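Remember, it's a predicted structure, so these values are computed and weren't measured experimentally.
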Amino acid sequence: MKWDTSAQFAPVILAFEAERERVLVRTVQEAADALMRKWPIDDGEEFLAAVKACLDVMARKAEPEDLRAALIRAADEAGVTVVTVLH
């Protein structure tokens, strides 16, 4: 199976207050990186759903916008500020 890590969605900016860092996320790879390396919690229900959404999009079992929505819900659960970007 070939994993698709380049699938794109409408960008979101994640503001991680503990590190005073802002991360622009617009691809599955960037979302996975943020979830695995930056996320302040790793056991929330929405966090796990976002991780699963990453895998589903990479396996072409879900749409990139599904991942975007899951990422926003996980951020809300973890207290990570999200700025949505409109085109």
Side-chain angles (χ1 to χ4, degrees):
M1 171 187 305
K2 182 173 178 174
W3 294 97
D4 180 8
T5 61
S6 65
Q8 294 188 355
F9 49 84
V12 296
I13 298 170
L14 302 172
F16 296 96
E17 296 303 323
E19 294 99 21
R20 297 194 176 276
E21 182 177 6
R22 307 300 181 259
V23 176
L24 176 64
V25 179
R26 61 186 169 240
T27 67
V28 177
Q29 182 174 353
E30 292 168 346
D33 185 61
L35 288 163
M36 295 294 104
R37 297 177 192 256
K38 308 276 184 204
W39 222 252
I41 63 170
D42 64 359
D43 63 348
E45 185 176 317
E46 296 298 342
F47 168 80
L48 296 173
V51 171
K52 183 180 182 314
C54 280
L55 293 171
D56 287 347
V57 173
M58 286 190 281
R60 296 186 175 119
K61 294 180 181 177
E63 296 299 318
E65 288 302 320
D66 298 332
L67 169 56
R68 183 180 189 269
L71 188 64
I72 292 170
R73 289 190 307 272
D76 183 54
E77 173 185 69
V80 174
T81 300
V82 177
V83 178
T84 57
V85 179
L86 301 174
H87 322 122

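Minimum heavy-atom separation, Leu35 to Val51: CD1-N, 4.1 Å. The nearest pair of heavy atoms linking Glu30 to Leu24 is OE1-O, 3.7 Å. Nearest heavy atom pair, residue Ala34 against residue Val25, reads CB-CG2, 4.4 Å. The two residues Gln8 and Pro64 have their closest heavy-atom pair at O-CB, 3.2 Å.
Taking the side chain to side chain donor-acceptor pair (under 3.5 Å) definition, one finds that Glu21 meets it with Lys38, sequence neighbours left out. With sequence neighbours left out, the salt bridge (charged side-chain N to carboxylate O under 4.0 Å, His left out) criterion links Arg20 to no other residue. By the salt bridge (charged side-chain N to carboxylate O under 4.0 Å, His left out) test, Asp33 pairs with Arg37, sequence neighbours left out. Applying the side chain to side chain donor-acceptor pair (under 3.5 Å) test to Asp66 and every residue at least two apart in sequence or in another chain returns nothing.
For residues 12-34, every residue pair satisfying the ring-ring contact (aromatic ring centres under 6.0 Å, His included) rule, not counting sequence neighbours, is listed here: Phe16-Trp39.
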Tell me which donor-acceptor pairs under 3.5 Å the side chains of residues 70-86 have, and how far apart each pair is, sequence neighbours excluded?
residue: Arg73; atom: NE; partner: Glu46; partner atom: OE1; Å: 3.3
residue: Glu77; atom: OE1; partner: Glu46; partner atom: N; Å: 3.2
residue: Glu77; atom: OE1; partner: Phe47; partner atom: N; Å: 3.0
residue: Glu77; atom: OE2; partner: Glu45; partner atom: N; Å: 3.1
residue: Glu77; atom: OE2; partner: Glu46; partner atom: N; Å: 3.0

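Counting heavy-atom neighbours within 6.0 Å of Glu63 CD, excluding the residue itself, gives a total of 12 or less.
Judged by distance alone, with hydrogens and angles left aside, the side-chain atoms of Arg22 form no donor-acceptor pair with the main-chain N or O of Ile13 at under 3.5 Å.
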